[in-house]
2 protein chains.
Amino acid sequence: MVTSTRRGPYVCGIDAGMDVVSGKWKSLILWELNNHGIRRFGELRRGLPGVSEKMLIQHLREMEEDGLVHREMYREVPPRVEYSLTEHGTSLNEALRPLGEWGTRRRERLAAEDALTSTSPAAPRQASPTMPVHPGQAIV
Amino acid sequence: MVTSTRRGPYVCGIDAGMDVVSGKWKSLILWELNNHGIRRFGELRRGLPGVSEKMLIQHLREMEEDGLVHREMYREVPPRVEYSLTEHGTSLNEALRPLGEWGTRRRERLAAEDALTSTSPAAPRQASPTMPVHPGQAIV
DNA sequence: TTCAATACTTACCCGGAAGTTAGTGTCCAG
DNA sequence: CTGGACACTAACTTCCGGGTAAGTATTGAA
């Protein structure tokens, strides 16, 4: 079972909160659904560059089980499935906002450090040109 | 190096925030240091039941490298090392508070569900259907 | 007839996170 | 003189999260 190690006995709230977002794409799925309201499976896949179908579903299933996302299936041909955030998902997303803002400040700090460390401090732009990018990973 | 996969190119702030707390004990270390201000290595180990010395140090090192914790070493015999949060560590802890509160609410929900789901063999106070289940204090 | 699109499912594999165990040097209590 | 406290370090092993690739059923389009 996927949920074998999850829902463990939590020692505090942060444990319980971290647990539901632990997963490479969970927070991005949350963000994507929060921004678009309703998304089909394929839309989500295309909206998260680099995610594999297997992981997308696995994460969506876990988040559904955790009561974060709602799954609506229409028995059509071709099949259509719509995902959206539940009330809990929306509130989780809001609870993550301060962390996101903290991370944004951290990114800015790192970019500034990189700009200083680089040999020629010519371009201290916020989008650091020295930042390594590997194919398949989009910079948003 | 431990930091091989870390500090990857982040797609958004949440990525950058999640990265520094990804690690089984990171958030608990943060919590522990935030509560006590200053803690020695052994105190931290005893304060986090189940952590291995290897993981404790590895996490402390990474957090030090990320600018979250400060490490003060006193060349005494026996050796003494004191850990504390930096300004960034403190602000990260505050940024995590909403998530912690969300998690606490989730724990309460889960506890309530468990209370309903179980056939109430252990501690079913009263079977009054009108009685709201209120777990109150967190089970730490 | 073959291909694309839809939303998955299944099998296999790899790398890294985490666990286990042992060892370091110095001092003091027993 | 043996052991423990202290703060680590190192070697080895296990486990599992995530990636890759192929297969499923259906229909319409080329």
Side-chain angles (χ1 to χ4, degrees), chain A residues 1-8 15 18-29 33 38-66 69-84 134-137, chain B residues 1-8 11 15 18-29 32-33 38-66 69-84:
Chain A
M1 235 220 192
V2 188
T3 58
S4 56
T5 58
R6 302 173 66 250
R7 296 185 182 226
D15 260 24
M18 290 293 299
D19 194 19
V20 298
V21 277
S22 69
K24 192 171 178 181
W25 310 90
K26 292 260 181 89
S27 57
L28 300 185
I29 293 174
L33 286 180
I38 291 184
R39 296 242 95 178
R40 298 181 57 173
F41 180 83
E43 290 173 334
L44 280 173
R45 174 164 36 89
R46 287 186 290 270
L48 305 174
V51 73
S52 65
E53 296 189 339
K54 170 195 154 192
M55 289 315 298
L56 223 205
I57 296 226
Q58 184 175 315
H59 283 169
L60 283 171
R61 289 283 144 84
E62 288 176 10
M63 295 170 79
E64 188 189 358
E65 189 180 349
D66 286 339
V69 311
H70 172 71
R71 178 174 181 270
E72 191 74 38
M73 184 169 74
Y74 301 87
R75 287 218 148 275
E76 304 173 356
V77 166
R80 183 162 60 102
V81 180
E82 290 181 348
Y83 292 93
S84 57
H134 43 74
Q137 187 70 49
Chain B
M1 226 351 179
V2 187
T3 58
S4 55
T5 59
R6 303 174 63 249
R7 296 182 181 229
V11 305
D15 260 23
M18 291 294 298
D19 193 21
V20 298
V21 278
S22 69
K24 194 172 178 181
W25 310 91
K26 292 261 181 86
S27 56
L28 300 186
I29 292 174
E32 189 81 3
L33 286 180
I38 290 184
R39 296 242 95 178
R40 300 182 57 174
F41 180 82
E43 291 174 332
L44 281 174
R45 174 165 34 90
R46 286 186 293 270
L48 306 175
V51 73
S52 66
E53 295 189 339
K54 171 196 154 191
M55 288 316 297
L56 222 204
I57 309 199
Q58 185 175 313
H59 282 169
L60 283 171
R61 289 283 144 84
E62 289 177 8
M63 294 170 80
E64 188 190 358
E65 189 180 349
D66 286 339
V69 311
H70 172 71
R71 178 174 181 270
E72 192 75 38
M73 184 169 73
Y74 301 89
R75 287 222 147 273
E76 302 174 358
V77 166
R80 183 161 62 101
V81 180
E82 289 181 348
Y83 293 92
S84 58

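Letters A, B, ... are given to chains in the order of the sequence lines, protein chains preceding strands, and every chain is numbered from 1.
- Phosphate proximity of C/dA17 to B/Trp25: absent, as no side-chain N or O sits under 4.0 Å from OP1 or OP2.
- Distance CE (B/Met18) to C1' (D/dG17): 14 Å, rounded to an integer number of Å.
- Between the CD atom of B/Gln58 and the C1' atom of C/dG16 there is a distance of 10 Å, rounded to whole Å.
- Remark: A/Glu43 engages A/Arg39 in a salt bridge (charged side-chain N to carboxylate O under 4.0 Å, His left out) (not counting sequence neighbours).
- One interatomic measurement links the two molecules: CD of B/Glu82 to P of D/dC6, which rounds to 13 Å at whole-angstrom precision.
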* Structure fact -> Reading nucleotides 21-28 of chain D from 5' to 3' and marking B where a protein heavy atom lies under 4.0 Å of the base, S where only the sugar-phosphate is that close, and - otherwise, the string is ------S-
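- Between A/Arg71 and the phosphate of C/dC8, there is a side-chain N or O to OP1/OP2 separation shorter than 4.0 Å.
- Note on A/His59: a side-chain N or O is less than 4.0 Å away from OP1 or OP2 of D/dG18.
- Of all the heavy atoms in B/Tyr83 and B/Arg71, the pair that sits closest is OH-NE, 3.4 Å.
- Rounding to whole angstrom units, CD1 of residue A/Ile57 and P of D/dG19 are separated by 14 Å.
- If you measure from atom CG of A/Leu56 to atom P of C/dA7, you get 11 Å, rounded to the nearest angstrom.
- To the nearest angstrom, C1' of D/dT9 lies 15 Å from CG of B/Leu60.
- Annotation: of the two residues near DNA chain D, A/Gly23 and B/Arg61, the 5′-most nearest-nucleotide partner is B/Arg61.
- B/Val51 has its side chain out of reach of B/Ile29: every pair of non-hydrogen atoms, C-beta onward, lies at least 4.5 Å apart.
- Residue A/Tyr83 is in sugar-phosphate contact alone, with no base atom involved, counting any heavy-atom pair closer than 4.0 Å across all strands shown.
- In terms of heavy-atom proximity, B/Met73 sits nearest to B/Val81 at CG-CG2, 3.9 Å.
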* Starting from the C-alpha separation in whole Å, work towards a yes-or-no answer on side chain to side chain contact (heavy atoms under 4.5 Å, CB included) for A/Leu44 and A/Leu33. => CA-CA 8 Å; A/Leu44 280 173; A/Leu33 286 180; 4.1 Å; yes
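- Side-chain contact between A/Leu28 and B/Asp15 is present, with at least one heavy-atom pair separated by less than 4.5 Å.
- Closest non-hydrogen pair, B/Ser27 versus A/Met18, comes out as OG-CG, 4.5 Å.
- If you take CE of B/Met55 and P of D/dT9, they are 14 Å apart, rounded to a whole angstrom.
- The pair B/Glu62-B/Lys26 counts as a salt bridge, with a side-chain nitrogen and a carboxylate oxygen less than 4.0 angstrom apart.
- At a non-hydrogen distance threshold of 4.0 Å, B/Arg40, B/Phe41, B/Gly42, B/Arg46 from residues 38-46 of chain B come into contact with DNA chain D.
- Between B/Met73 atom CE and D/dC6 atom P the separation is 17 Å, expressed in whole Å.
- Across all non-hydrogen atoms, the minimal contact from A/Glu53 to A/Arg45 is OE2-NE, 3.4 Å.
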